[in-house]
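So that the names make sense, note that chain A is the first sequence line, chain B the second, and so on, each numbered from 1.
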Amino acid sequence: MVVGETPIKGAARPFASPTGAHVRGLVEKYWQGPVAYDYAIKCSAPGKAKSKDAAKPIKECRPFLTSVIDTVQPMRVLAVGSWAILGLLGRSPDMDSIRRGYGWIRGGVPVFYVEDSLKALQNKFIRKRYEEDVKWALTVAAPTPSHLDGIVHVVDTVDDAEAAYERINEYDEIVFDVETAGIPHGEDFTVLCAGVAVMDTLESDAWVWSEQGLREPAARAILRRLLETKLVAGSNIKYDAIAAEQCLGIDIKRVSLDTQIVHKLAEPTSMGRLDYASELVGMGGSKEEAQIALKKAIAHTRLKKERPGNKPHSHWCSQAIRAGAPGGTAMNYAYGLIPDNVLWRYNGRDVLASATVALHLRERTERTAPHEMKLWDSLMRPAIRSFKRIERVGIQADRQGFESFSASLHIGLDELREGFKTYGKDFNPNSPDQVAKVLFKDLGFKPSEMTAGGKPSTDKSVLEHMRGLHPFVDQILEFRRLEKLDGTYAAGMIEHILSDGRIHPTFRLDGTETMRISSENPNGQNIPRAETREGKMARDGFIASPGRILVELDQSQIELRVAAGMSGDPEMIAIYKSNLDYHLRTAQLISKVVWNKTEDAVGEFERSYSKTVNFGLLYGKTDYGLSQQLGCSVQEAAAVRQAILGRFKKLAAMIKRMLYNVRSTGHVEIPWFDGAHHVRPLLEVGGHDDYKKQNAENSSINTPIQGRAAMYTVAAIPKIHDWIDDNCVPAEIVNTVHDSIILDVEPEAVDEVIENSTRIMTSFDCWGVPLVVDAKAGDRWGSLRKIKHGERFADAQVRWAAEALRASSL
DNA sequence: GGAATGAGCGCC
DNA sequence: AAAGGGCGCTCATTCC
């Protein structure tokens, strides 16, 4: 039986639309027996096409669909599109996250998931993938129903724990998952229960240590013995490892697999979430009970009162109420509100689903994408332990520094707010709509650009062009700048300082499409640069631990070096091998052609042109874009670009080759070592949307370069940790920003940290191009000073003092 | 009154 | 017609 989303109005038979006909064709090709066709919606008219209103009629139609199924008695069902899944199973997971997944309807009939988007099928790559998926759904052997409800043993006592150990110890690899309440690294962070399952298809038992079991020292010791000796898998296992370490004093030493990360490596457009990944193994929907309980719990906190009838956990309840408004971190506390038996059952199911998903993803990824498993093993797996450590350590914050920064910003903000009263008593300068009204109605300016939503744009580039035409323009620009600084980097940052006086951002190892790491809560990777007065104040809020020194190690021009190495361009490589100023040298190489100047006559002006174009090349920037940035004519920008590509012929060839490859395969590769690489699909290159196509093509050039560059830092970090541990060096890594690593170091260890971290960071091969690391040190992030290559920290300090003296005597 | 989205902008 | 890749956060607004 094939179930689609909605029938076409007035169609003579089901599946008559172009997509429908396509499905029909495939079904007739691959399925020999009789076929029934139906839809998720039929008893009431659907709302607007593809709108969210559709969920209601679909749910109303479910009983009818069920009765049809009872009559048809299908052997298997194809659910074409997420609405069809909603109609059949009552949930609508993200289609990209459940490719080659299936669920069950009554009577153990499997439902295979297939995407449905007429538009997407016009893309040759998506169409091919789709056809393969339909073929799979029709020809794969019907799976055996997996036990959705394994046995969940609650571990309260030592006896329980010993019985659990007896069973679990039979296996080398286990799965671990905690439920928590509170903010990680914060004072009240608590493990509410901790579940363990074994990585074996034959086992369907889970053991859940209750709070009581975790409190009991001997029962907890048994959990520790398991977690510290076995291979441990999980979903976002870094989180569970942090909780285990902070709350239980348990150090998970050997992570074997993370379902989120491996899923995202193998299926980059998926979301990696366990509730979706469970659909890959026929275990979808297991989170429903807990999600209902969580919703109820949160709803009760909204009543702004403790909830007497449920779980009398007044601490979490009051915390949830406090956190509820605004911003909504109430979820951090919500698990503390749901009844124990629900929580344990949920945790047990989760850990069983994780085990099944982990086994499935490992087998599937090793078979279909061994390069991704190699990348997991060689790069990501070691990184988990390191990033757990960085998150646990956090970075020292200067609360008073942030407070005075905020206060200084408020002086300017208050003044500007006062001035804005001219434009109306309730004028809100934060509102783009209201700003647009003043500019384009009251002041009579003509809108030059529109936003995606069709409103007149008031963004920075628009306002920059209007600078000086009216004081209001400059005032808004300044207001936005100060608001951003205060909201995110001054007052906003204070919210993130925990009781240990430190800020603990979370790093997402699967947070980007290019293998860069992302950072959140707060984002420690977009703190303003220290070059401006305010930027310096923002970074100065991040300081060394008492008595220590911050050391920042920066990969110098890593992306250009990667481009040089990856393309094998001899001219580019020669520049780096002779340790010249890359942008200056580029300007010199093209000086005759572009400016009709000798190499000697090339100065800062020409250098800056080259620099802009050099970076623009890596991003696929157009001549128009370059000219805008340089403030020159399009012709001039084009001349510089062509001159550089004329000189760097193999770079030009690589760019061409990348475009050719992505257009023919629909994906790009980020290479690492020993057969490990990551494949990023860029299927939009096969579509008909020119904008998206252009975007995907630009990404095809940028992705391998950005990705490979980022991998060097990710790979260096665990090695630096190993060196620190092996030598008992008083130093900790406290942050990383794509191509730089920041350490918090005892003063006497600064020299060895710089020397050895640099050695590690430059130890990787970049196709023969030398890697170079620059070092800076100081006691505040905004006030770091450069330490020359080979210079000793003590000598640098003397030099800085002398320079400061000279500066002050001037 | 929360969730989702859009605009805008900070970093590499 | 837009016009450089990759992110996350904040505020306003809209939707439900």
Participant: Over all strands shown, is Thr458(A) touching base, sugar-phosphate only, or nothing at heavy-atom distances under 4.0 angstrom?
Facilitator: sugar-phosphate
Participant: Using a 4.0 Å heavy-atom cut-off across all strands, classify Asn521(A) as base, sugar-phosphate, or nothing.
Facilitator: sugar-phosphate
Participant: Does Asp690(A) come within less than 4.0 Å of Lys692(A), counting only side-chain N to carboxylate O?
Facilitator: no
Participant: Please confirm whether any donor atom in the side chain of Arg480(A) sits under 3.5 Å from an acceptor in the base of dG8(B), or the reverse.
Facilitator: no
Participant: Does Asn428(A) reach a base, just sugar-phosphate, or nothing at all? Heavy atoms under 4.0 Å.
Facilitator: sugar-phosphate
Participant: Is it the case that the side chains of Glu372(A) and His678(A) hold a donor-acceptor pair, with the cut-off being a distance below 3.5 Å and no angle test?
Facilitator: yes
Participant: At 4.0 Å (heavy atoms only), tell me whether Ser519(A) reaches a base, stays on the sugar-phosphate, or touches nothing.
Facilitator: sugar-phosphate
Participant: Among dC11(B), dC7(C), dA3(C), which nucleotide sits nearest the side chain of Thr622(A)?
Facilitator: dA3(C)
Participant: Of the listed nucleotides (dC12(B), dA12(C), dG8(C)), which one gets closest to any side-chain atom of Pro432(A)?
Facilitator: dA12(C)
Participant: Do Asn523(A) side-chain and dG8(C) base share a donor-acceptor contact under 3.5 Å?
Facilitator: no
Participant: Is the phosphate of dA1(C) approached by Tyr624(A) (side-chain N or O, under 4.0 Å from OP1 or OP2)?
Facilitator: no
Participant: The side chain of Asp433(A) lies closest to which of these nucleotides: dT13(C), dG5(C), dG10(B)?
Facilitator: dT13(C)
Participant: Should Thr488(A) be listed as having a side-chain N or O under 4.0 Å from OP1 or OP2 of dG8(C)?
Facilitator: no
Participant: Within the pair Arg680(A) and dG6(C), is there a side-chain N or O less than 4.0 Å away from OP1 or OP2?
Facilitator: yes
Participant: Under 4.0 Å, counting only non-hydrogen atoms across every strand here, what does Glu513(A) touch: a base, just sugar-phosphate, or nothing?
Facilitator: sugar-phosphate
Participant: Between dT13(C) atom P and Lys437(A) atom NZ, what is the distance in whole Å?
Facilitator: 13 Å
Participant: With respect to the side chain of Ser431(A), which nucleotide from dG6(C), dT13(C), dG5(C) is positioned closest?
Facilitator: dT13(C)
Participant: Would you please say whether a donor-acceptor pair under 3.5 Å links the side chains of Asp739(A) and Thr713(A)?
Facilitator: no
Participant: Taking the minimum atom-to-atom distance to the side chain of Thr512(A), which one of dG4(C), dG6(C), dG8(B) wins?
Facilitator: dG6(C)
Participant: For Gly625(A), report the nucleic acid contact type (base, sugar-phosphate, nothing); a contact means any heavy atom under 4.0 Å.
Facilitator: sugar-phosphate
Participant: So, is Thr514(A) near the phosphate of dC12(B), with a side-chain N or O under 4.0 Å from OP1 or OP2?
Facilitator: no
Participant: Tell me whether Glu483(A) is salt-bridged to Arg417(A), with the criterion being a basic N under 4.0 Å from an acidic carboxylate O.
Facilitator: yes
Participant: Using the P atom on both, measure dA7(B) against dA2(C) and round to a whole Å.
Facilitator: 13 Å
Participant: Report which part of the nucleic acid Ser740(A) touches: base, sugar-phosphate, or nothing (heavy-atom distance under 4.0 Å, all strands).
Facilitator: nothing
Participant: Which nucleotide wins on minimum distance to the side chain of Gln434(A), given the candidates dG6(C), dT13(C), dG5(C)?
Facilitator: dT13(C)
Participant: What I want to find out is whether Arg273(A) reaches Asp94(A) closely enough, with some N-O distance under 4.0 Å, to be called a salt bridge.
Facilitator: no
Participant: What contact category does Glu520(A) fall into here, base, sugar-phosphate, or nothing, at under 4.0 angstrom with non-hydrogen atoms?
Facilitator: sugar-phosphate
Participant: Map Tyr691(A) and Tyr489(A) onto DNA chain C by nearest heavy atom, then report which one ends up closer to the 5' terminus.
Facilitator: Tyr691(A)
Participant: Output yes when at least one side-chain N/O atom of Asn430(A) is less than 4.0 Å from OP1 or OP2 of dA12(C), else no.
Facilitator: yes
Participant: From the list dC11(B), dC9(B), dG4(C), which nucleotide is the closest neighbour of the side chain of Lys484(A)?
Facilitator: dC9(B)
Participant: Using the P atoms only, state how far dA1(C) lies from dC9(B), rounded to an integer number of Å.
Facilitator: 25 Å
Participant: Any side-chain N or O of Asn695(A) less than 4.0 Å from the OP1 or OP2 oxygen of dG5(C)?
Facilitator: yes
Participant: Go through dA2(C), dG10(B), dG4(C) for me and flag the one nearest to the Pro528(A) side chain.
Facilitator: dG10(B)
Participant: Would you say the base of dG4(C) and the side-chain of Gln629(A) have a donor-acceptor pair closer than 3.5 Å?
Facilitator: yes
Participant: Where the side chain of Ser457(A) is concerned, which of dG8(B), dG8(C), dG6(C) is the nearest nucleotide?
Facilitator: dG8(B)
Participant: For dC9(B), does the base pair up with any side-chain atom of Arg481(A) as donor and acceptor (N or O, under 3.5 Å, distance only)?
Facilitator: no
Participant: OP1 or OP2 of dG6(C) less than 4.0 angstrom from a side-chain nitrogen or oxygen of Thr703(A), does that happen here?
Facilitator: no
Participant: Has the side chain of Gln706(A) got a donor or acceptor atom sitting under 3.5 Å from an opposite partner on the base of dG6(C)?
Facilitator: no
Participant: Charged N to carboxylate O under 4.0 angstrom, Asp554(A) versus Lys776(A)?
Facilitator: no
Participant: Between the side chain of Asp569(A) and the main-chain N/O of Leu651(A), is any donor-acceptor distance below 3.5 Å?
Facilitator: yes
Participant: Rounded to the nearest Å, what distance is computed from the CG atom of residue Asp689(A) to the C1' atom of nucleotide dA2(C)?
Facilitator: 12 Å
